[in-house]
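Here the structure comes first, spelled out in structure tokens, and everything after it is commentary.
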Amino acid sequence: MNVLEKLRSVFGDATPEGGDRQVFMAAVRPSGDPKFGDYQANGCMALAKTLGKNPRELAAAVREVVDLEPMADKPEVAGPGFLNVRLRDEWLSRTLAELLGDASLGLSGPGTTKKTVVVDFSSPNVAKPMHVGHLRSTVIGDSLARIFEALGHRVVRDNHLGDWGSQFGMILWGWKNARDAAAYEADPVAELARLYRLAQERIRGGDKGVEEAGRAETVKLHAADPENRELWRRFMPHCLKALAAMYQRLGVRFDVELGESFYDPMLSDVVEDLSKRGIAEESEGAVVVFVDRKKAPFIIRKSDGAFNYGTTDLATIQYRDKTWGPDQILYVVDHRQGDHFKQLFAVARAWGYDKVDLQHVAFGTILGADRKPFKTKQGDVVGLESLLDEAVAEARKVVDSNSPDLDPDERARVAEVVGLGAVKYADLSQNRISDYVFDWQKMLAMNGNTATYLQYAYARIQSIFRRGEVRPEDVRRRRPAILLSHPAERGLAARVVRLPEVLELAAAELKPNIVTDYLFDLANAFSKFFEECPVLKAESAERRDSRLALADLTAETLKFGLNLLGIDVVDRM
RNA sequence: GCACCCGUAGCUCAAUUGGAUAGAGCAUCGGUCUACGGAACCGAAGGUUAGAGGUUCGAAUCCUCUCGGGUGUACCA
């Protein structure tokens with residue numbers, strides 16, 4: 001049950017004469033301050049102006065009409081015209097009791113209409129090891145996919161691999177001119193990465209020869225040159241295997257991994273169709289679409305006849321629309337491609353794809369402490385593998401010192417879960433468009449607003465059940481009455497029931513940090529409860545059962561929420 | 001030059017999109033313990049939301065200008 005949605009509909013029915021129901025509903029929201037209750041309706045002030053009435057009187061009138069039974073008593077009119085709602089304890093108790101046996105924690109209700117969403121994320125270039133820059137897209141995209149799935153939407157996770165671009169031309173050049181056969185034998189991906197870096201360095205150093213040679217290799221590859229195609233086919237499995245290993249460690253999966261190469265056969269048709277419809281035109285030898293005459297056009301065929309990523313992206317939209325008929329396509333990509341997507345979406349709309357909601361889920365570049373793009377001291381970008389290893393090693397130190405009683409295998413497992421959780425959470429708990437300052441300390445932190453804090457709260461709850469020799473399933477089956485006489489109990493209860501509305505908001509805003517904020521708040525409320533309300537030594541059997549139930553619901557919510565962030569929990573840590 | 005993004009506590013970030021006294025974490029200082037796990041809890045201090053105007057019941061949020069930073073800007077992806 002989505003409490004906010006329910007309240008919105010109830011207040012919607014009480015919209016004053018002449019007011020906009022939608023606007024009035026949207027003005028219902030959780031209270032920022034508990035002293036104003038649990039939820040508040042703020043629509044009266046805005047309406048008062050358009051209707052030419054006194055906002056407090058309007059609020060008083062709504063108060064009389066609105067029917068909050070049995071969730072709450074009549075709302076309270078406060079300030080200039082706020083309507084404050086406080087959920088009834090009996091209602092909260094009953095709702096929690098229902099949640100107790102519900103594996104979906106209240107998400108399985110009728111809810112909003114289900115849609116199909118394609119999430120295009122991670123999308124690394126193959127043949128280059130993944131680095132910290134790939135983390136954001138991978139982790140944010142995975143989390144958004146999980147959130148939409150949890151809400152019952154149909155999700156297509158698509159890894160749009162960069163397996164066809166000019167970086168392959170550079171590798172081909174490197175292979176033909178500088179390969180180390182033994183190194184390739186030993187570790188193909190490392191050798192290919194070395195060749196790529198070598199080519200890049202030469203080009204950056206002003207070597208026009210390498211630049212042209214690389215481009216020529218790319219053209220040959222695209223033109224079905226047998227040798228280059230053969231090399232591509234040889235390299236790809238190694239590259240994909242290395243990527244798959246990384247995704248497995250991260251716990252990220254895809255439904256499809258259709259790279260740029262997949263769309264290659266469709267590109268000439270795309271250009272032809274756009275030209276035939278008069279959307280594309282020739283300019284300076286290239287085929288382009290002018291989205292805005294004053295600005296640079298969107299190029300779909302270069303003057304040398306080759307296609308570029310804009311063409312591929314259009315073919316991709318066409319394919320996705322045909323294959324899945326999505327309502328929404330999310331592109332989880334660095335904000336520096338904002339202009340590209342703006343143009344791409346405009347061209348797609350002109351082309352007829354005006355029903356699908358195309359969204360660029362942009363995020364900031366990762367910077368070092370010096371505010372320049374993040375590098376190690378050696379000048380290389382930090383590899384994702386070594387970042388994860390570092391985080392896990394850091395976690396291992398803490399586990400070793402705090403829990404020497406766990407056997408080494410289990411400590412290793414806990415360290416992996418805690419370390420990866422820390423890294424993912426550091427990325428997900430902040431979702432600003434502005435650039436992101438990479439900070440080892442923050443990445444590896446395990447105090448405060450971190451995944452570790454949430455995992456710790458979970459482990460403490462499991463510990464209660466272990467110590468009390470109680471099985472959570474038994475508590476769930478008993479469905480004890482939930483007593484909310486202590487403020488900490490009530491605070492916890494009011495948060496547990498918010499999960500569905502939080503997920504809806506996170507999905508609407510495309511912001512996983514809404515989930516992290518919620519979970520941190522929940523864990524905080526639990527810590528307070530844990531300090532102030534003894535569970536196993538509660539003063540009565542009824543109270544003990546009630547608190548066990550509250551603890552179990554909190555644990556299940558934490559586990560569920562962390563899972564939506566791609567983060568695991570452990571029973572002991 | 002033009003376009004877009006950003007500027008919030010010492011640092012890293014929130015603020016449910018115009019709501020009530022701008023909140024967290026880290027760092028600093030002080031407290032809590034025979035504990036159902038101290039990877040915790042409580043408290044203090046820290047702010048003219050870059051600056052100046054404007055819009056209105058109400059602005060970190062919207063508008064204008066100024067200052068500062070970032071990104072993009074015709075054949076890389």
Side-chain angles (χ1 to χ4, degrees), chain A residues 4 26-27 29-33 35-36 40 42 45-46 48-49 55 78-82 84 123 125 162 164-167 215 218 260 283-288 292 294-304 306 308-310 312-313 333-340 342 362 364-365 367 371 395 398-399 402-403 418 426 429-437 439 441-442 445-450 452-453 455-457 459-468 501-502 505-506 508-509 511 513-514 516-517 520-521 524 527-528 530-538 547 551 572-573:
Chain A
L4 180 60
R29 59 193 55 174
S31 293
D33 190 326
K35 82 173 179 232
F36 298 129
Q40 56 183 249
N42 300 339
M45 282 91 76
K49 181 167 181 182
F82 295 102
N84 294 335
S123 307
N125 283 332
W164 202 240
S166 55
Q167 89 277 8
R215 208 172 354 231
T218 310
E260 293 165 337
S283 171
E284 299 179 23
V287 179
V288 307
D292 179 343
K294 293 191 291 273
K295 288 185 191 158
F298 191 75
I299 295 170
I300 57 174
R301 196 174 74 197
K302 303 191 287 184
S303 50
D304 65 3
N308 64 359
Y309 73 125
T312 308
D313 283 349
V333 181
D334 189 294
H335 77 294
R336 284 174 291 189
Q337 293 195 37
D339 281 351
H340 166 69
K342 204 177 282 178
T365 313
L367 307 175
R371 297 222 159 243
V398 181
V399 178
N402 284 10
S403 305
V418 171
S429 59
Q430 143 185 357
N431 194 13
R432 290 210 119 201
I433 306 298
S434 60
D435 293 339
Y436 170 112
V437 175
D439 178 357
Q441 252 194 327
K442 191 182 171 188
M446 283 174 272
N447 302 314
N449 186 2
T450 61
T452 312
Y453 178 75
Q455 290 164 328
Y456 181 66
R460 277 169 131 185
I461 295 170
Q462 302 317 307
S463 177
I464 294 175
F465 282 92
R466 225 170 19 245
R467 283 298 182 96
E501 72 190 43
V502 168
L505 184 64
E509 306 279 324
K511 287 163 89 175
N513 73 306
I514 289 174
T516 63
D517 282 357
F520 180 62
D521 185 45
N524 228 328
S527 292
K528 210 158 289 179
F530 185 82
E531 294 287 323
E532 299 178 19
C533 303
V535 177
L536 296 175
K537 291 178 193 156
R547 287 181 177 166
R572 301 162 188 254
M573 54 194 280

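Keep in mind that the numbers below use all heavy atoms, side chains included, and drop hydrogens, waters and symmetry copies. In the text below, chain A, chain B and the rest are named by the order of the sequence lines, each starting its count at 1.
Between Lys537(A) atom NZ and C36(B) atom P the separation is 4 Å, expressed in whole Å.
U55(B) and C67(B) are spaced 24 Å apart, taking the P atom of each and rounding to whole Å. Rounded to a whole angstrom, the distance from the P atom of G69(B) to that of U28(B) is 32 Å. Only the C1' atoms considered, G54(B) is 28 Å distant from G70(B), to the nearest whole Å. Comparing A60(B) with G19(B), their C1' atoms are spaced 13 Å from each other, to the whole Å.
Using a 5.5 Å limit on the distance between ring centres and a 30° limit on the angle between planes, the aromatic ring of Phe530(A) counts as stacked on the six-membered base ring of C36(B). Both stacking criteria are satisfied for Phe82(A) over the base of A20(B): a centre-to-centre distance under 5.5 angstrom and an angle between ring planes under 30 degrees.
Proximity of Arg29(A) to the phosphate of G19(B): a side-chain N or O atom is located under 4.0 Å from OP1 or OP2. For C26(B), neither phosphate oxygen OP1 nor OP2 lies less than 4.0 angstrom from any side-chain nitrogen or oxygen of Asn449(A). Under 4.0 angstrom from either OP1 or OP2 of C76(B) there lies no side-chain N or O belonging to Ser166(A).
Out of A39(B), C36(B), A40(B), the shortest distance to the side chain of Arg460(A) is found at A40(B). Of the candidates A39(B), C57(B), C76(B), the closest approach to any side-chain atom of Met573(A) belongs to A39(B). Minimum atom distance to the side chain of Val535(A) is reached by C36(B), of the listed A39(B), A74(B), C36(B).
Within the 4.0 angstrom heavy-atom criterion, no nucleotide atom of any strand lies near Val502(A). Lys49(A) comes within contact range of the sugar-phosphate backbone alone, with a heavy-atom separation under 4.0 Å but no base atom that close. Residue Gln40(A) is in base contact, counting any heavy-atom pair closer than 4.0 Å across all strands shown. If you check every strand for non-hydrogen atoms under 4.0 Å, Glu284(A) touches a base. Asn524(A) comes within 4.0 angstrom of sugar-phosphate atoms only, judged by non-hydrogen atoms across all strands, and of no base. Within 4.0 Å of Ser527(A), counting heavy atoms only, lie sugar-phosphate atoms of the nucleic acid but no base atom.
If you check distances only, the side chain of Asp33(A) never reaches the base of A20(B) with a donor-acceptor pair under 3.5 Å.
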Fill in the dot-bracket string of RNA chain B, one character per base: . for unpaired, | for a pair to another strand, ( ) or [ ] for pairs within the strand, taking Watson-Crick or G-U pairs under 3.5 Å. (((((((..((((.....[...)))).(((((.......))))).....(((((..]....))))))))))))....
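By the 30° and 60° cut-offs, the orientation of the rings of Phe520(A) relative to Tyr453(A) is tilted.
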